[in-house]
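What you see is a predicted model, and the numbers here were worked out from it, not measured in a lab. The first residue of the sequence shown is numbered 1, and numbering continues consecutively from there.
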Amino acid sequence: MTRIVRLGVSVPLREMSAINRRSLTPASELLQDVFGKDKSPCRLVYGVASLPLGVPVELEVIFEVSASHRA
């Protein structure tokens with residue numbers, strides 16, 4: 001993996017008011033610590049009706065893989 005392309009965050013609408021930018025920042029900071037600040041992903045936050053099993057948040061991460069690391 002060479003970088004994170006996108007970090008998608010899905011949050012149920014009923015909890016959207018309780019979720020703010022500061023509570024989502026740690027995920028972005030972790031990825032910056034691992035891959036470097038120059039490889040920060042774009043971040044999208046979606047409000048959804050519900051998530052499976054009642055989880056409070058769902059993360060979708062798209063990684064870029066270099067040709068030398070592909071099988």
Side-chain angles (χ1 to χ4, degrees):
M1 292 179 286
T2 56
R3 72 181 181 107
I4 304 296
V5 176
R6 185 175 86 177
L7 172 62
V9 182
S10 297
V11 180
L13 290 172
R14 68 181 184 281
E15 296 181 32
M16 200 66 154
S17 60
I19 303 291
N20 60 37
R21 188 176 211 202
R22 281 183 239 158
S23 63
L24 300 174
T25 299
S28 294
E29 289 175 347
L30 173 65
L31 296 174
Q32 287 177 358
D33 290 346
V34 173
F35 293 95
K37 289 189 180 207
D38 61 323
K39 296 181 180 177
S40 294
C42 70
R43 184 172 72 180
L44 303 169
V45 179
Y46 302 97
V48 296
S50 65
L51 289 170
L53 303 174
V55 296
V57 67
E58 177 181 85
L59 300 178
E60 171 191 354
V61 184
I62 299 175
F63 296 96
E64 178 182 86
V65 179
S66 69
S68 62
H69 292 93
R70 292 183 184 161

Can you tell me how far CZ of Arg43 sits from CG of Leu7, rounded to the nearest 0.5 angstrom?
7.0 Å
If you take all heavy atoms of Val5 and Phe63, which pair is closest and at what distance?
CG2-C, 4.2 Å
May I ask whether Ile62 and Leu59 are part of the same hydrophobic cluster, defined by side-chain heavy atoms of I, L, V, M, F, W, Y residues being less than 4.5 angstrom apart, directly or through others?
no
Who are the salt bridge (Lys or Arg N to Asp or Glu O under 4.0 Å) partners of Glu58, not counting sequence neighbours?
none
Glu60: side-chain hydrogen bond (donor to acceptor under 3.5 Å, both in side chains) partners, not counting sequence neighbours
Arg6
Quick one: side-chain contact (heavy atoms from CB on, under 4.5 Å) partners of Val34, sequence neighbours excluded?
Leu30
Rounded to the nearest 0.5 Å, what's the gap from CG on Leu13 to OH on Tyr46? Could you check?
14.0 Å
When every non-hydrogen atom of Ala49 is compared with those of Pro12, the smallest separation belongs to O-CB, 4.4 Å
Given the rule that I, L, V, M, F, W and Y join up when any side-chain heavy atoms are under 4.5 Å apart, are Val45 and Val61 in one cluster?
yes
